[in-house]
Peer 1: 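The structure is given below, and queries will be raised subsequently.
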Amino acid sequence: MPTVRSSETPPPATRLAPEAIGALLAERLPEAIVATTVAHGQLTVDVVPEHLPRVAALCKREKALGMDFFDMMAGVDADEDGFSVVTRLYSTRHRHEVLLRALAEGGREAPRLPTLTGVYRGANWHEREAYDMYGITFEGHPGLEPRILTVENFEGWPLRKDFLLTTREIKPWPGEKVPKPKEEPATSDEAAQPADEGPSEEERAAAKKAKAERAKQKAAEMRAKKRAQREAEAGGGATASGGASESGKAGDGAGDEPEEGGSA
Amino acid sequence: MSETLPQEGGVMLPGGPGEAMSVEIRDRSLVTQEMNLNIGPQHPATHGVLRVVIDLDGEVIVRARPVIGYMHRGFEKLAEVRDYRQIIALVNRHDWISAFCNELGVALAVERLMELEVPTRAQWIRVLMGEWNRILNHLMFIGSFGLELGAITPVFFSFREREDIQAFLESATGGRLHFTYCRVGGLKEDLPRGFLDASRQMAQTMRSRNDEYRQLLLGNEIFHARTKGVGALAPDVAIDYGVTGPTLHATGVAEDTRLTEPYCVYDQLDVSVPVGTNGDSYDRFVVLLDRIDASLDLIEQVHEGLPGGPVNLKMPKTVKAPKGAVYVRTENPLGQGGYYLVSDGGKTPWRMRMRTPSFSNIQMVPELLEGSLLSDMIAILGSVYFVVGDVDR
């Protein structure tokens, strides 16, 4: 089989800078573009939802853009604004990319967007997944049902922030450090972040104290044991003192058993 | 396809199995009743729990509909309640045979959001581990593809090598399957003493073993007959569906993230990407074999050029990614992995979308199945390389 080497395929001269792509899109479809932002070297274009297919088609068919590769689509919970959908398009010829972000119309109740399946065949399953996870309806899609990942009779939209992760609800986080997603007085998604439902502040403090106490006792026990050993070695035949320390140690040990640690 | 019978080693091979048969049946204008056949979800040829519902006209597949979701475990939801350190241990589980490559993608995404500069040595070791993981993955598919076509020996051979590779990767990472070796800001720890020697030796062994697989399978006439011209994929269809990895490369398109958007130190290495010409099952398989050699080339380059120094940045105990969003893509063994990370500035991601290669590849499968014979389905499904855990997440 032939091989393609990296030394033989330098980046093409037709590769456009993120800013240039943003400018080109804004110039060609001014009514469809809300904003363009470049962050971490990546271009994100906010698109008017109803014009999303037009923008995608332009990205695909415009020669200078040539974005033939449908990469992925990601639904994102946008809090009170509803839900947005981010689509990444890429050009295999020019090696540049764009992230198209569209805020679904209809808020949190009935989010809807026009479908991209007419432009890219690959959009089909990605839209079905966004529907399954967020309940976003893609108008004109050949068939969002049956639900692609969850079971057919599943109720609710699992990736919405108000959909509770029940394992976290019924079973507190077993670790000592609970990952807290939001520190500031949270907005509507507070209920969706049951992570801080773990052991309460006092419980954790008590557990810590008990642990420290156990460690202390254990250290004391070890010290006693060592001392006894040393005495036994030094004393040699002095069985009386050796026996005494032995019994003392045993008594200590009995007091140290886990039940005490548990009660502390 | 059917008009020329390819001649291989003096033996006449039946050409274009699917096409030839379907034409014959339709010409006789038999009225046949379509049959609905359900395959899976529990079927050895579906690599996990994939279900394919097909409509058959005689032996020809008229419609195929993959039904996925049997292994959906909600990884993206789980990621939203875990901090970045825990996510590393989470993402190497959805595609259990490309564990390290998935860890790497998440680490790269968080690092890009935090604008961290990872130590050079860590980046080189990441390449080394990533390439070994790629070989591990390909060995699995080389073995299983032979098995599905009725050749039971290759799987024993490839699993012998897999064990050896896993053994020395375990010495560095502590894991056989789920390495959890990557960290945000570097690696868990440096390579143990003797690791590079073991790696050098294994690379040498692997080269000769790869030739063995080649002879074992590619020298087999039955293998040729069952794969050549079967499930041919056109490059433009593949790109439209977002197909990546060996399945795309077999169609002749050299779209590989290591070439087109190098991460880690791939830009300092000479990366070679084997490409096919016909995009059929045979090409997909040969590309897989060649990719092992290409990965070994990279591994040898890392042995040569591995610099010294630390493998970790000093990181706080809980990593907080700044507010923002970033998309990072990596070349996973089965294709392009993508990680779209949205952070609200907290310890856990607000949203982490995992774009997995298997998902896009499986979506394209009906294009290949429709019009081909039922008996070719195995050769097609086995060569569109996918892991069901990676499809469903």
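Order of the sequence lines sets the chain letters (A, B, ...), proteins ahead of strands, with each chain counted from 1. Only this structure's heavy atoms are used, side chains among them; waters, hydrogens and symmetry mates stay out. If you're wondering where the values come from, they're calculated on a predicted model, not measured in any experiment.
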Peer 1: Determine, stepwise, if the pair Tyr90(A) / Gln336(B) fulfils side-chain contact (heavy atoms from CB on, under 4.5 Å).
Peer 2: CA-CA 12 Å; Tyr90(A) 173 77; Gln336(B) 181 200 313; 5.7 Å; no

Peer 1: Using a cut-off of under 4.5 Å for heavy-atom pairs, which of Trp125(A), Phe69(A), Tyr120(A) has the most such pairs with chain B?
Peer 2: Trp125(A)

Peer 1: Considering only heavy atoms and a distance below 4.5 Å, find which of Thr44(A), Leu159(A), Thr92(A), Val119(A) pairs most often with chain B.
Peer 2: Leu159(A)

Peer 1: Might you confirm whether atom CD of Glu117(B) has over 12 heavy atoms from other residues, nucleotides or ligands at distances under 6.0 Å?
Peer 2: no

Peer 1: Can you establish whether the number of heavy atoms outside Glu155(A) located under 6.0 Å from its atom CD is more than 12?
Peer 2: no

Peer 1: Are side-chain heavy atoms of His40(A) and Glu115(B) found at a separation under 4.5 Å?
Peer 2: yes

Peer 1: Would you indicate whether the side-chain heavy atoms of His72(B) and Phe154(A) approach each other to under 4.5 Å?
Peer 2: no

Peer 1: Val253(B) versus chain A, heavy atoms under 4.5 Å apart: side chain, backbone, both or neither?
Peer 2: neither

Peer 1: Can you say whether Arg15(A) sits under 4.5 Å from chain B via the side chain, the backbone, both, or neither, judging by heavy atoms?
Peer 2: side chain

Peer 1: Tell me, for Ala74(A) versus chain B, whether the close heavy atoms (under 4.5 Å) come from the side chain, the backbone, both or neither.
Peer 2: both

Peer 1: Mind checking whether Asp240(B) and Asp68(A) have side chains closer than 4.5 Å, heavy atoms only?
Peer 2: no

Peer 1: Check whether any side-chain heavy atom of Arg88(A) lies under 4.5 Å from a side-chain heavy atom of Arg329(B), and answer yes or no.
Peer 2: yes

Peer 1: Over all heavy atoms of both residues, which pair between Phe70(A) and Arg355(B) is shortest? Give the atoms and the distance, please.
Peer 2: O-NH2, 4.4 Å

Peer 1: Could you check whether Phe359(B) and His126(A) have their ring centres less than 6.0 Å apart?
Peer 2: yes

Peer 1: In terms of heavy-atom pairs under 4.5 Å with chain B, which of Arg121(A), Met72(A), Lys60(A), Arg147(A) leads?
Peer 2: Arg121(A)

Peer 1: Rounded to the nearest 0.5 Å, what's the gap from CD1 on Ile239(B) to CG on Asp71(A)? Could you check?
Peer 2: 12.0 Å

Peer 1: Shorter than 4.5 Å, heavy atoms on both sides: which option in Glu261(B), Arg393(B), Met354(B) has the most such pairs with chain A?
Peer 2: Arg393(B)

Peer 1: Looking at Leu289(B), Asp283(B), Val391(B), which makes the most heavy-atom pairs under 4.5 Å with chain A?
Peer 2: Asp283(B)

Peer 1: Against chain A, label Pro235(B) side chain, backbone, both or neither, depending on which of its atoms sit under 4.5 Å from a heavy atom there.
Peer 2: neither

Peer 1: For a side-chain contact (heavy atoms from CB on, under 4.5 Å) check, start with the C-alpha distance between Tyr327(B) and Val86(A), then their side-chain angles and the critical distance, and finish with the verdict.
Peer 2: CA-CA 10 Å; Tyr327(B) 181 81; Val86(A) 179; over 6 Å; no

Peer 1: Counting heavy-atom pairs under 4.5 Å with chain B, which one of Pro158(A), Pro146(A), Ala39(A) comes out on top?
Peer 2: Pro158(A)

Peer 1: When heavy-atom pairs shorter than 4.5 Å are enumerated against chain B, which of Leu149(A), Thr3(A), Asn124(A) gives the highest number?
Peer 2: Leu149(A)

Peer 1: Looking only at non-hydrogen atoms, find the nearest pair between Val76(A) and Tyr340(B) and report the distance.
Peer 2: CG2-CE2, 4.1 Å

Peer 1: Quick check for you: among Asp290(B), Leu269(B), Thr277(B), Asp267(B), which has the greatest number of heavy-atom pairs under 4.5 Å with chain A?
Peer 2: Asp290(B)

Peer 1: Calculate, to the nearest 0.5 Å, the distance between atoms OG1 and CZ belonging to Thr260(B) and Arg93(A) respectively.
Peer 2: 14.5 Å

Peer 1: Taking the side chain as every heavy atom from C-beta outward, state whether Arg128(A) and Gln363(B) have any pair of such atoms under 4.5 Å apart.
Peer 2: no

Peer 1: Around Arg65(B), counting heavy atoms of other residues, nucleotides and ligands shown, do more than 12 lie under 6.0 Å from its CZ?
Peer 2: no

Peer 1: Do Glu129(A) and Arg353(B) have side-chain heavy atoms sitting under 4.5 Å apart?
Peer 2: yes

Peer 1: Is Val326(B) close to Gln42(A) at the side-chain level, that is, under 4.5 Å between some pair of heavy atoms?
Peer 2: yes

Peer 1: Select one option (side chain, backbone, both, neither) describing which atoms of Met73(A) are under 4.5 Å from chain B's heavy atoms.
Peer 2: backbone

Peer 1: Heavy atoms only, distances under 4.5 angstrom: which of Ser360(B), Gly242(B), Ala294(B) has the most pairs with chain A? Name it, please.
Peer 2: Gly242(B)

Peer 1: Strictly distance-based, threshold 3.5 Å: is any side-chain N or O of Trp350(B) a donor or acceptor partner for the main-chain N or O of Ala78(A)?
Peer 2: no

